[in-house]
**Q** 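Sharing a structure below in structure tokens format, with a few things to ask.
Naming convention: chains lettered A, B, ... in sequence-line order (proteins, then strands); numbering from 1 in each chain.
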Amino acid sequence: MNKHIVILCTSKSTLYNAILHGKSCFGIPNKTSISTRFGSYATLASFTDFEASEGEEEDCCGSSSCIIQDKDLLRRSQIRNSPTGLHVLDLIDRGSLEANRALYNNLLKKCTHFGKVKEGRVVHSHIVHSQFKDDLVIHNTILNMYAKCGALDDARKLFDEMPSKDMVTWTALISGYSQNDRAEDALVLFPQMLHFGLQPNQFTFSSLLKASGARPNDKHGRLVHAFCLKYGYDSNVYVGSSLVDMYARFNLINEARVVFDGLVSKNEVSWNALIAGHARKGEGEHALSMFREMQRADFKPTHFTYSSVFSVCASTGSLEQGKWIHAHVIKSGGKLVSFVGNTLLYMYAKSGSIEDAKKVFDRLVKQELVSWNSMLTGYAQHGLGKESVQWFEEMLRIGIEPNHVTFLCVLSACSHAGLLDEGLYYFELMKKHVIEPQVSHYVTIVDLLGRAGLLDRALKFIREMPIEPTAAVWKALLGACRMHKNMELGAYAAEHVFELDPYDSGPHVLLSNIYASAGRWGDVAKVRRMMKESGVKKEPACSWVEIENAVHLFVANDDAHPQREDIYRKWEEISGKIKEIGYVPDTSHVLLFVDQHEREVKLQYHSEKLALAFALLKTPPGSPIRIKKNIRVCGDCHSAIKFVSKLVDREIIVRDTNRFHHFHDGSCSCRDYW
DNA sequence: AAGATTGCAC
């Protein structure tokens, strides 16, 4: 194996740069001597980490000699593995190679790209002892290397020690802080920079705006926006996109839209920022229509776009839409990078298509913690407690370190499936993994104890919490009190909720239901009066079904629907048939703000029943029916749907605010426990 | 010759 490779280069350092860039692409085995037209360099044989890539080995090494143009080397410089090429420093020390700015910058850039801060430090110390020890450009690159690698203390130290700084120096540090979630540190630098008489530019502003978006309010961001206008950078596409993103993060979608519309030059990022803004705000329809608009305007959706769109489909439960877009991604030949894959599997998992989610999971290039957590979310929300526990144990077995989200998922799965002992066990297990329980974990445990009927233990648990209980904690207890009809404790829990979150109608309704089931009409009226006085309005209940890519919305006793007569007739037909097989209407779940005689009528046309009747009219026999609801499904509807699933022999899936009910053959996945 | 914007699980 003594091969000879000839590389045509214009200078020695170009050769080394070419090799630095191209080495992972070219097969140059050990003991190969490499020569250039400037002579032979035996030292290059020590480059042992050259990797052969497929098909090229023959070309380079199969013959005794081949000629590679250095431009070609550079063009093929796709960096796959991460040799940082530090041996070049030895060559410089030995005088075989003359260092120059580009060489150092290339080395530093590689360190930055692969996050190799240790190697970067070696390069840094080498530079300190070289003729470039006072070179501003090289020091800016070093500073950037530290900042990008998250070594902000090193970056700061270098910044403070640098005798001369320019715009780039300041901007590199600002962007370092802003990219590492240190918005405050980034923003204080801005006035200091102005004080030194330096002019910010588009690079500075995009970083400052990113940092401003992480502040608790929009005040600072607006100020930075004013500076953008003053310096004339508001029309730059980076600055503009950052502005759109910043306003969108403060939920100021309209202002984001105004900035967006005013942008002379837009790019995919500008669109993505706005689409993500709508998605975060829960405005699925807006996000999807922007997604379509983006393509009409001839912008190709990117990974970021798909990620937002799948996330929208997941949260609105638009499985059909999501599948369609998934097909679109496959057709366009786009690769499933991890974060798109994660949202995609989350979408399937959350829609209850666990099988599809599993398929995506297996196809992911790499299963990250988020991927595992997304699967767990799916299991949890569909009441698949045992599967969730198995999945979690599998994670631990193969050495994936769980985080607080993982525990929240598994705890919530235990709670939804009534796995009391398992839930308590995993709560204790958090300590072993050194994860401090957050208030959401405490909420789940209160829920778990409460559902199991251990109300006193739940109360004791709340009293012994090391952190201040929030409204959510008391709401969990209140919900359990309603389930187990415990009036005294329910009223006590409700008091705490009213104090901490006075405008939520949910707890008022729950308390009133508790009183009603005990026949305490006076107390029911009192809660009603309280709601009126404090201006709390009950959220109108509604249900919707997605049929052939269209969403059909229903409200209780819907008389505005064009097909209301057909729907009502269908429900009456169904209602009669399920009564024959054992369904007994349960009026105790009707909110008692209506007259007694109206109750039966109100009950009969709850929105989920109308949606179900409509779906039965419009979908082929045997296909699953998916209904979504904005509040919890009531006991009577739950019972009725169980009978319907048996009567028509179909799977009916109802998604309410925090879980799914899978109805099949007369029973529900929640085992009447929700 | 160095510095910039957009995403996923609760």
**Q** How would you label the contact of A:Lys165 with the nucleic acid (heavy atoms, under 4.0 Å): base, sugar-phosphate, or nothing?
**A** nothing

**Q** Mind checking A:Ser241 for me? I need base, sugar-phosphate or nothing, with any heavy atom below 4.0 Å counting as a touch.
**A** base

**Q** Picking from A:Asp166, A:Thr171, A:Asp135, what satisfies side-chain hydrogen bond (donor to acceptor under 3.5 Å, both in side chains) with A:Asn140?
**A**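 Of A:Asp166, A:Thr171, A:Asp135, side-chain hydrogen bond (donor to acceptor under 3.5 Å, both in side chains) with A:Asn140 is met by A:Asp166 alone.
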
**Q** So A:Tyr238, base contact, sugar-phosphate only, or nothing? Heavy-atom distance under 4.0 Å.
**A** base

**Q** Please list, chain by chain and in numerical order, all residues satisfying salt bridge (charged side-chain N to carboxylate O under 4.0 Å, His left out) with A:Asp261, sequence neighbours excluded.
**A** A:Arg257

**Q** Would you mind classifying the nucleic acid contact of A:Ser242 as base, sugar-phosphate or nothing, using non-hydrogen atoms under 4.0 angstrom?
**A**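 Sugar-phosphate contact only.
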
**Q** What nucleic acid atoms does A:Ser440 come within less than 4.0 Å of, heavy atoms only: base, sugar-phosphate, or nothing?
**A**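 The answer is nothing, as A:Ser440 stays clear of every strand by at least 4.0 Å.
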
**Q** Need two values: the first and the last nucleotide of DNA chain B, 5' to 3', having an atom under 4.0 Å from any heavy-atom of chain A.
**A**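 Extent of the interface on DNA chain B: B:dA1 to B:dC10.
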
**Q** Base, sugar-phosphate, or nothing: which does A:Met375 touch, judged by heavy atoms less than 4.0 Å apart?
**A** nothing

**Q** Hey, does A:Ser307 reach any base, or is it just sugar-phosphate, or nothing, if we go heavy atoms under 4.0 Å?
**A** sugar-phosphate

**Q** Please work out if A:Gln179 contacts a base, only the sugar-phosphate, or nothing of the nucleic acid, heavy-atom cut-off 4.0 Å.
**A**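 The answer is sugar-phosphate, as A:Gln179 gets under 4.0 Å only of primed atoms, P, OP1 or OP2.
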
**Q** What do the steps show when you test A:Phe339 against A:Phe304 for ring-ring contact (aromatic ring centres under 6.0 Å, His included), and what is the final call?
**A** CA-CA 8 Å; A:Phe339 68 73; A:Phe304 289 87; 5.1 Å; yes

**Q** Taking NZ, NE, NH1 and NH2 as the nitrogens, is one of them in A:Glu394 or A:Arg397 under 4.0 Å from a carboxylate oxygen of the other?
**A**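 Between A:Arg397 and A:Glu394 there is a salt bridge, with a charged N closer than 4.0 Å to a carboxylate O.
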
**Q** Heavy atoms only, 4.0 Å cut-off, all strands: where does A:Asp135 land among base, sugar-phosphate and nothing?
**A** nothing

**Q** Which pair of non-hydrogen atoms, one from A:Ser235 and one from A:Ser265, has the smallest distance, and what is that distance?
**A**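 Closest pair (atom of A:Ser235, atom of A:Ser265, distance): O-OG, 4.0 Å.
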
**Q** Establish, yes or no, whether a centroid distance under 6.0 Å links the rings of A:Trp372 and A:Phe392.
**A** no

